[in-house]
Amino acid sequence: MLGTCSRMPGTLEQVEALGVLKVVTRNSPLAYYLGAAGPEGPEYELARDFADRLGVKLEISVARTTTAALAAVARNRAHVAAAGLVVADGLSRVRYGPVFQRIDQHVIYRLGDPLPRAPTDLVGRRIAVLRNSTHAAALQRLSATLPGLEWKELRRGDALLLLAQVAEGKIDLTVADSTEFSLGRHFHPDLRPAFKLAEPEAVAWALGPHGDAMMRRVEDFFADVGANGRLAAILERNRRSLVRYDRVDASHFVASVRERLPRYRQWFQAAAAEAGMDWRLLAAIGYQESRWDEGAVSPTGVQGLMMLTAETATRVGIANRANPQDSIVGGARYYRLVERTIPERIPEPDRTWLTLAAYNVGYGHLEDARVLTQRRGKNPDSWPDVRENLPLLAQERYYTTLKRGYARGWEPVGFVRNVQTYAELLRWMVADEDESASAGKKSAQ
């Protein structure tokens with residue numbers, strides 16, 4: 001019997017034959033996660049654009065670790081690993097595409113503690129990093145020229161745990177990349193970056209051993225999105241999503257109540273009456289979403305005065321999100337749709353605040369926060385208790401144990417806080433206007 005052997009199809013050939021691009025990623029703010037409007041994250045956006053360029057469907061799978069993501073492409077279980085991967089040498093059977101992002105490594109300290117200005121200031125300080133991390137490797141390289149430098153390496157935990165230890169004074173310093181520090185500032189506002197420890201980490205996609213033709217497509221893709229500004233826009237938008245939620249701007253709000261609200265007030269009142277809610281609460285949501293700008297459009301496709309997604313508009317029977325009256329009606333219907341998912345046993349005002357949180361972050365992530373709240377011995381039906389736990393959805397040691405994974409959990413907290421403030425200001429301002437109008441009519445009689 002004569003044996004036969006056939007050539008292993010290349011990665012691009014497999015993709016074209018299947019009509020599907022299989023991308024392995026990680027549930028992380030640097031890669032992929034489920035937002036209120038669906039999948040988000042810089043790696044997801046780039047992978048979606050690349051699949052569109054190839055004219056195929058995108059199929060996402062999530063690996064628990066970067067090692068698992070690399071193994072998936074090395075073993076031909078995925079075509080591309082787009083998982084916030086830091087380029088590393090010595091990994092046979094895996095090749096990296098073009099570097100499309102560089103992430104700085106910073107020494108982090110607490111305000112009030114001695115400021116380390118240079119590597120020599122690290123000697124004698126209590127330093128901790130994660131074992132087998134790029135930060136540990138950077139310290140190891142530095143120690144070759146800096147006698148006396150010592151540090152502790154933790155087997156378990158994540159970057160946010162180390163940042164918490166600095167904030168609590170348990171250690172003096174740690175090392176964090178720019179993304180980790182942006183997240184950490186939400187929880188520990190007294191932390192600051194001291195100086196850059198090492199050369200920036202290079203982030204790229206990884207492909208398996210049969211990806212020569214695919215690699216050329218990847219290279220062309222990143223060259224094009226780099227040249228036309230698309231790459232910079234994606235990275236900047238996702239970077240900004242990690243900054244602290246804006247506080248209310250009372251002066252701008254007061255001006256908008258006088259100048260913009262009169263155009264929309266009757267529509268807010270009518271839509272709120274139909275939905276059985278306070279029109280001022282609905283108007284406050286609209287202001288928080290768009291600053292009452294009917295022409296508002298986000299880079300992710302939400303638009304209109306209430307900033308509805310296309311899917312949400314369809315669910316609530318709205319044909320034109322750009323029409324302000326339709327948008328307001330859609331926002332009211334969606335609020336009521338979300339409110340009906342909240343367990344009936346939960347009384348006011350917690351019911352309203354939980355509804356607002358779900359309106360912003362998605363009911364699934366709210367449920368994860370309520371599960372976490374209960375695990376930590378608090379009341380999942382209490383908004384103050386859930387509010388305390390929502391930001392933890394951004395911490396890896398928590399979100400990896402929950403059904404829907406990572407979420408920017410501080411955003412619904414800020415959203416609810418701002419809407420509460422705007423609604424209260426509106427009740428006060430509109431009440432004053434109504435009373436003034438009534439008084440004017442009486443004096444004229």
Side-chain angles (χ1 to χ4, degrees), residues 15 20-54 56-73 77-87 94 96-101 103 158-160 177-180 182-183 201-208 218 221-222 225 230-242 298-302 309 311 361-362 364-365 368 392-412:
V15 170
V20 173
L21 175 68
K22 295 183 179 181
V23 173
V24 60
T25 187
R26 289 196 64 216
N27 184 218
S28 159
L30 195 61
Y32 163 88
Y33 55 93
L34 291 176
E40 295 186 39
E43 295 280 27
Y44 168 74
E45 289 192 55
L46 289 167
R48 182 191 60 199
D49 287 2
F50 184 55
D52 288 345
R53 185 184 179 107
L54 295 178
V56 298
K57 295 180 180 179
L58 175 64
E59 180 180 300
I60 292 283
S61 61
V62 179
R64 290 189 62 86
T65 64
T66 55
T67 301
L70 291 169
V73 291
R77 294 174 181 168
H79 303 128
V80 173
L85 300 172
V86 174
V87 176
V94 170
Y96 291 97
V99 172
F100 64 88
Q101 185 179 19
I103 302 175
D158 56 26
L160 292 181
D177 67 38
S178 49
T179 302
E180 294 164 345
S182 295
L183 283 171
E201 299 171 330
V203 177
W205 285 0
L207 283 73
V218 169
F221 169 72
F222 277 105
V225 296
R230 171 68 175 162
L231 174 61
I234 289 174
L235 296 179
E236 175 62 14
R237 179 166 62 254
N238 283 275
R239 184 196 67 79
R240 292 181 62 186
S241 75
L242 298 177
S298 86
T300 57
V302 296
T309 67
E311 180 185 5
V361 78
H365 287 306
D368 278 353
L392 301 182
L393 299 185
Q395 297 193 28
E396 188 173 3
R397 65 182 181 275
Y398 294 112
Y399 72 68
T400 52
T401 70
L402 298 167
K403 184 176 180 180
R404 294 157 190 91
Y406 171 84
R408 299 190 298 264
W410 65 88
E411 285 194 354

Practice item. Please say whether more than 12 non-hydrogen atoms of neighbouring residues, nucleotides or ligands are located less than 6.0 Å from CZ in R77. Key: no

Smallest separation among heavy atoms of [X] and [Y], with atom names:
{"X": "A206", "Y": "V73", "result": "O-CG1, 3.9 Å"}
{"X": "V56", "Y": "V20", "result": "CB-N, 3.9 Å"}
{"X": "G405", "Y": "D368", "result": "N-OD2, 3.8 Å"}
{"X": "A68", "Y": "A63", "result": "CB-CB, 3.9 Å"}
{"X": "V361", "Y": "P412", "result": "CB-CG, 3.8 Å"}
{"X": "P29", "Y": "P42", "result": "O-CD, 3.6 Å"}

Quick check for you: to the nearest 0.5 Å, what is the distance between [X] atom [atom1] and [Y] atom [atom2]?
{"X": "N238", "Y": "E40", "atom1": "CG", "atom2": "CD", "result": "7.5 Å"}
{"X": "T401", "Y": "Q395", "atom1": "OG1", "atom2": "CD", "result": "11.0 Å"}
{"X": "H365", "Y": "E411", "atom1": "NE2", "atom2": "CD", "result": "11.0 Å"}
{"X": "R48", "Y": "I234", "atom1": "CZ", "atom2": "CD1", "result": "7.0 Å"}

Revision key, fill the gap. Only residue of L34, L58, V23, D49 satisfying side-chain contact (heavy atoms from CB on, under 4.5 Å) with Y44 is L58

Point to revise | Partner of L30 by side-chain contact (heavy atoms from CB on, under 4.5 Å), out of I103, V86, L85 | key: I103

Practice item. Taking the side chain as every heavy atom from C-beta outward, state whether V302 and T309 have any atom pair closer than 4.5 Å. Key: yes

**Study point:** Non-hydrogen side-chain atoms of E43 and V203 separated by less than 4.5 Å
**Key:** yes

Check your understanding: Using 30° and 60° as the class limits, which term best fits the ring planes of F100 and F222: parallel, tilted or perpendicular?
Key -> parallel

Practice item. For E59 and H79, run side chain to side chain contact (heavy atoms under 4.5 Å, CB included): C-alpha distance rounded to whole Å, both residues' side-chain angles, the deciding distance at 0.1 Å, then the answer. Key: CA-CA 10 Å; E59 180 180 300; H79 303 128; over 6 Å; no

Revision key, fill the gap. Here the side-chain hydrogen bond (donor to acceptor under 3.5 Å, both in side chains) pairs for residues 22-32, sequence neighbours left out, are R26-E396

Review point. Sequence neighbours excluded, which residues qualify as ring-ring contact (aromatic ring centres under 6.0 Å, His included) partners of Y398?
Key: none

**Study point:** Set of ring-ring contact (aromatic ring centres under 6.0 Å, His included) partners for Y399, sequence neighbours left out
**Key:** Y406

Exercise for review: Given side chain to side chain contact (heavy atoms under 4.5 Å, CB included), test R64 with T400 step by step and report yes or no.
Suggested key: CA-CA 8 Å; R64 290 189 62 86; T400 52; 4.2 Å; yes

